[in-house]
Amino acid sequence: MSVPSETPVPETAAPDLQVTFTNVGATRWWHRGVFASQTAYVTLALLALIVVMSFASPYFLTEGNLQNVAKNFSFIAIATLGITFVIITGGIDLSVGSLMAFAAMITSMVMTSLSTPGLPLSSLFVHLAADGKTVVANVPGLILIVSVLAGLAVSLVVGLVNGVCIAVIGLSPFVTTLGMLSIVRGLGYVISNGKGSFPGGPDAVYFYALTQGDVAGVPAPFIYLIALALVMALVLHHTAFGRHVFAIGGNEKAAELTGVSVPRAKIEVYVIGALAAGLQGIIISGWLGSAPANMATSYELNVIAAAVIGGANLAGGIGGPLGAIVGCVLLEVIRNGLVLAQVNSYWQQTLVGVIIIAAVLVDRVRARLL
Amino acid sequence: MSVPSETPVPETAAPDLQVTFTNVGATRWWHRGVFASQTAYVTLALLALIVVMSFASPYFLTEGNLQNVAKNFSFIAIATLGITFVIITGGIDLSVGSLMAFAAMITSMVMTSLSTPGLPLSSLFVHLAADGKTVVANVPGLILIVSVLAGLAVSLVVGLVNGVCIAVIGLSPFVTTLGMLSIVRGLGYVISNGKGSFPGGPDAVYFYALTQGDVAGVPAPFIYLIALALVMALVLHHTAFGRHVFAIGGNEKAAELTGVSVPRAKIEVYVIGALAAGLQGIIISGWLGSAPANMATSYELNVIAAAVIGGANLAGGIGGPLGAIVGCVLLEVIRNGLVLAQVNSYWQQTLVGVIIIAAVLVDRVRARLL
Amino acid sequence: MGAVAAGQPILEIKGLGKQFGAIRALQGVDLSIGAGEVVGLMGDNGAGKSTLVRIIAGNFPPSQGTIHFCGREVHFHRPMDSRSVGIEVVYQDLALANNLTAAANVFLGRELKRNFGPLVLLDHKGMEARALELFRELRSETRPHDLVKDMSGGQRQAVAIARTRLSNAKLVMMDEPTAAISVRQVEQVLSLIHRLKEQGIAVMLISHRMPDIFAVCDRVVVMRRGEKRADKPVGETSPEEVTALITGAKEAA
Amino acid sequence: MGAVAAGQPILEIKGLGKQFGAIRALQGVDLSIGAGEVVGLMGDNGAGKSTLVRIIAGNFPPSQGTIHFCGREVHFHRPMDSRSVGIEVVYQDLALANNLTAAANVFLGRELKRNFGPLVLLDHKGMEARALELFRELRSETRPHDLVKDMSGGQRQAVAIARTRLSNAKLVMMDEPTAAISVRQVEQVLSLIHRLKEQGIAVMLISHRMPDIFAVCDRVVVMRRGEKRADKPVGETSPEEVTALITGAKEAA
Amino acid sequence: ETKYRFAIVPKAMNNPFFDVARDGCLKRAKELGNVECIYKGPVEHEPATQAQIIQDFITQKVDGLAISVADVPSMTKSIEAAAAAGIAVITFDADAPGSKRSAYIGTNNKDFGLALGKQLAQLKPEGGKYAIVSGGPGAKNLAERVDGVRESLKGTKWVEVAGSPTFCNDDPALAVQQMSDLRTATPDLGAIVPIGGWPMFAPEGYKAFVNKNRKDIDAGKLTLVVADTLKMQLELLRDGYSNALTGQRPFEMGEKAMDTLLALKKGEKVPDVIYTGLDLVTKDNVAKLLN
Ligand SMILES: Nc1ncnc2c1ncn2[C@@H]1O[C@H](COP(=O)(O)OP(=O)(O)OP(=O)(O)O)[C@@H](O)[C@H]1O
Ligand SMILES: Nc1ncnc2c1ncn2[C@@H]1O[C@H](COP(=O)(O)OP(=O)(O)OP(=O)(O)O)[C@@H](O)[C@H]1O
Ligand SMILES: [Mg+2]
Ligand SMILES: [Mg+2]
């Protein structure tokens, strides 16, 4: 299996396929695959930014700070992976921020409720010992699994509703997911009465271990991210589903005419986006130790921005996991770096905007010069 | 001059142009012009909603409330008119919310500073009378005009920067205007030191009269809105510029190849969007009597949503003033109606989302049935 | 669907009509094609030829009329339905995804796959090799790994034609397949049609090139302003008569 | 730009080359066209014909080589530049805005206007009437007020051809203008080319239809894999020789 | 007996602080029996939306309004309109002095900031570098708190670092991230003063930050003085995750708002300013407040 390419720009074919074309030379490496994509040039901009930041603050490149950066960007990067699927099909999903909060709330509410003797269904999982302490009646970790699955299940439902409205009924993705943003956030306030909720019960420790822990200094969320990104690269570039996702983004009508099941693929894409957002929210709530009702407010813009900065095209047909991650890293390095450099907070916001624009400018300069 | 059509769906040609085509019958009116567009069906949904709301609350159809509704939606509708231009070309402008605040702040800061003897340039406009009172040295209203022009001038600059980045350099509209959102909001905090500002000086009374006043019960902002919408309809459907805007949205490359000056038209479109946002912000600040630094935060989503709900297509090529207004009215009726109907605030948010989706669904049902 | 009984037409259309708002694109069209038969469809621009093809292919439903395929009445709701019963189409607008390679477009919707342990992944090499073969068969200078958006008009058309070669179709409809391709590929397409005929596959060929129609077709159908004006074996008509029918100089035949 | 001196070529190209990454689409092409001359450009798919046209029209700059127009060296940075000196193009992909009507597309970039007091507004009626006239001249069943997205392939092509009739061009380049149109419109296009020639306008016609080329062209230029292989008056060559040149059976002439 | 409908309008509904005020208001309304408490405000902190909501309440002819003012000049006008419509108007949490409001219930934000600073100065008179974490740059009450902190630490040995305050936009996750960034940027940072409870609304993230700096905190090298005293914050203080808390009494604000509006409706006279007071909490008295 070859290295997954960020955009569908083909790798040069095996030499025996080329001989017949006398007017074709060798493609230079910088005209090929990842290297010819916006992702590559935004990565360059990112490296430059890292160098600048490391001069601006001696602490930028310390291990502790890098761990922080790795953790922080993993917090939006998983959702960004998901939305990248949506963007490749030419869609958009504005409901991710709300859904992060909602899935996190459901997970922690289910966890708390299953761990509280007396509440419905909790008898399957816990019982009160004689001394009044709660005792796990079952395999340890089961409550955690059930509650995470509950959080993912609501995400799945939200993704399905988005997908059906967009793919089957034919509503505009912007309007549908904007409506869903409002619906899901409202539901979050309704179920919690505005208060948010906290993971609780005996399994909360596992939950925290899985979200806050690290393996040899590498934060757990970062590991999940890398694993998911690899899966995503495989799916996008080496499965029929991935190819159909690109085809829909390139020419939806053509995909339909050539026998791609467009509604199905689109529904799947919105479900993936929703599941990723839900998972992301659950992980964040583990790290926060709380699922406040206003969590992740307006994160949708950050998530979409990260994907687009990394090279995904809102018009559809272009995008990939590497770009999604690079976009997230860039946003986080800007944020973290400006705080470390002790820039005045009012100016920070202005600089964030300037740097975002500057980073994508690098790619355009390449397009002009090469 | 014929009634401007909302989408470029043609009116039926004069009969003498038709005779040669034996296979062409008469187009039914509901297949034609405005009636065949999403705008028409969202308007239907809006009317239904108004009926529902008037049953839900006895106050809904009172004159005072209708005036309120008219004023409130005029507050985002002017910006929506502007962004509709941008959307028709297939672009997007996320900086409108920030720009509203920034233009409003500049206007009120200039107004205050020109009216304060001792501050730079103010000597041209005011002087201190013997009794220590400030006296207008010039034509009354001149300070107002200059300060509004200052607010519009910064909007123009922001629009130009957006336009040049997008049309000439070729950056993605989403990333560019997202960066600009951050830059402009940051600058607003910087110039006011986070405090915002408010209109002051002798001309503030004119300013309030022009923004809060009404003519025979019709709020002034509503009158501006209608005037601007008519101008917009004329420009879109009866000038070469308008036609080019549609052509760019339909097929940018074709427009370029057929001699349309695409970069110029796109820059103009972003400038129009920015000026509309700036004007909108200035009007809001007059109504509020203040230009707080966090004014209009995240209004960009409302403004874009209004345009899209009214039938503008983010993929470009479709949109118009009627749709923009209908979208804004719909959003405001939902907001106002739910408050008046005393729906629980947390459910309100959910219902807003549901109604938004339901409103655009009407149009899809039409597409299936007719 | 089972095999076609001898003599029974593969495709039978009765009273087909289609209105787009005020425009009557098709009106009362009857048509039948037997196995191994090559039918040429001619007509002026806007006569309704592509509309006919797209209705048969399930792109949209007819306003009136019925379609029988292999003896059974069919109602295709989407292109996939017609494809799954054995109808292949070369669309006039080619239906290509610009951001994919030629090979990916040829195999879109029927990708070749290989098993890697439990995983079923795309067989990139296999698809490129097969696509190259197909392009060679068409004598087309098309490189399988080029993006379609960078290809010339004729190369795109070759991609669209190559697609129909992948499956065992019962009916192949080609909407102006030779419009953009060069002299020698035209020959190849015509000989391809001959081969399809030999394999008992029915072919419907839309073209504005009179010589091509007369070279490969058994029957020629002429449409005008949405109506069928003529349906004759090629032996019983002439290019002149067909031209007269197309332009409306002759009303019907 | 001034009038062209007698005998001086309108367009003169020297050593033109264009690379797209690894693909040499054009290499060392020399070509000149005089006023009132009709040059046919033939070649296999992907030979570089459209690339040549698009470079002359200013869609993108050449990698190598120079272009002289009316005796002066020109560097077109955008299509508007070439249009403004009098070059009209029918693009192979037609360059139409799908969301506008046929009439709007014909007049795109040169709308007719009328004064309403101080306002200069579009003359909708005037444009529709003139567009209908142009379509009639082409014998095309195209309705000026139809949206292009609802039109048939041939109707779209008619719109693209009609455009070139609006201005007083010095050079008209047509990239496969007859690919999708029906028999009688083909005649009209060929007679249109004759009329252009009579008015002293230079024409470059790209086509895969041998008879058309031999019917209207003074000279035929054959391209193969980005290179010019032949440049001969039609009287001195034959369809067979041209075919051999196109397919590469004959190397050059 | 006449039934009254009182609306309580927060600055932003997404801030848990106002949930407590709402709970106080609901509880008191229930106790009073003849009062209904409506809780409704802008979802995000945005002045124009708040002004529109006030308009809607005027249309609805509610009997009383208690507003946490998002922007003074614009609310001054809205309050005037409400008062003109015969509605009893008071402000809570954030005041609009000079407006037609009948009373203000809450804390003086400047005092709040002063108290925070004083707590820090008392805890560690030897001084050092400190940083402030604030919510949004546009909020006037937060700006006053920042001023208060600065003023009370002026003349002590505490100096504010550059880049302070940082703004977390009321986002708990961002608040914690900023605390670790501030500490990374200035490793000898002696104190962080969040002037709202945001970082503690993310208890685990906050604990992770504290645990990472445990040594310094135990050694007295890093002092954490946090604003607000919600239950979870008190628990965190009890468990040794901060040095001191200063809190307002939002629950009381909610209760008093109902009482005051009712009094106004009955034509009674009410004091112009009702301070609900501040809770200064340290390890010593946390147990008492938790009960
Ligand atoms: N979606 C549509 N909406 C409205 N009218 C349409 C639509 N599709 C086709 N038409 C009209 O139907 C008529 C028939 O079109 P069709 O594409 O079938 O013609 P055709 O015979 O294929 O022509 P050509 O030879 O130019 O390809 C044309 O007048 C066209 O304008
Ligand atoms: N933008 C591009 N990027 C990369 N390759 C390109 C690009 N445009 C054209 N090519 C390649 O250049 C070659 C010449 O293409 P061109 O379109 O000029 O051919 P053509 O002679 O017009 O063929 P046809 O007869 O099929 O229209 C082709 O191999 C094509 O793949
Ligand atoms: Mg056709
Ligand atoms: Mg070509």
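First the proteins, then the strands, lettered A, B, ... as listed; each starts at 1.
The side-chain heavy atoms of A:Ile191 and B:Tyr346, taken from C-beta on, include no pair separated by under 4.5 Å.
Most heavy-atom pairs under 4.5 Å with chain A: of the set B:Val352, B:Leu94, B:Leu187, this distinction falls to B:Leu187. Most heavy-atom pairs under 4.5 Å with chain B: of the set A:Val308, A:Ile356, A:Val190, this distinction falls to A:Val190. Taking chain B as the reference chain and counting heavy-atom pairs below 4.5 Å, the highest number among A:Leu351, A:Asn313, A:Ile304, A:Asn344 is found for A:Ile304.
With a 4.5 angstrom heavy-atom cutoff, B:Ile355 does not touch chain A via any of its atoms. With a 4.5 angstrom heavy-atom cutoff, A:Leu314 touches chain B only via side-chain atoms. With a threshold of 4.5 angstrom between heavy atoms, A:Ser298 does not approach chain B through any atom at all. Contacts of A:Ile169 with chain B are made by both backbone and side-chain atoms, with heavy-atom separations under 4.5 Å. Within the 4.5 angstrom heavy-atom criterion, atoms from both the backbone and the side chain of A:Asn193 approach chain B.
With values rounded to the nearest 0.5 angstrom, A:Ile309 atom CD1 is found 9.0 Å from B:Ser172 atom OG.
Closest heavy-atom contact between A:Leu181 and B:Leu301: CD1-CD1, 4.5 Å. In plain terms, the two heavy atoms of A:Leu178 and B:Ala305 that are nearest each other are CD2-CB, 3.0 Å. B:Gly186 approaches A:Gln349 most closely through the heavy-atom pair CA-CB, 3.9 Å. Considering all non-hydrogen atoms of both residues, A:Val360 and B:Val175 come closest at CG2-CG1, 3.7 Å.
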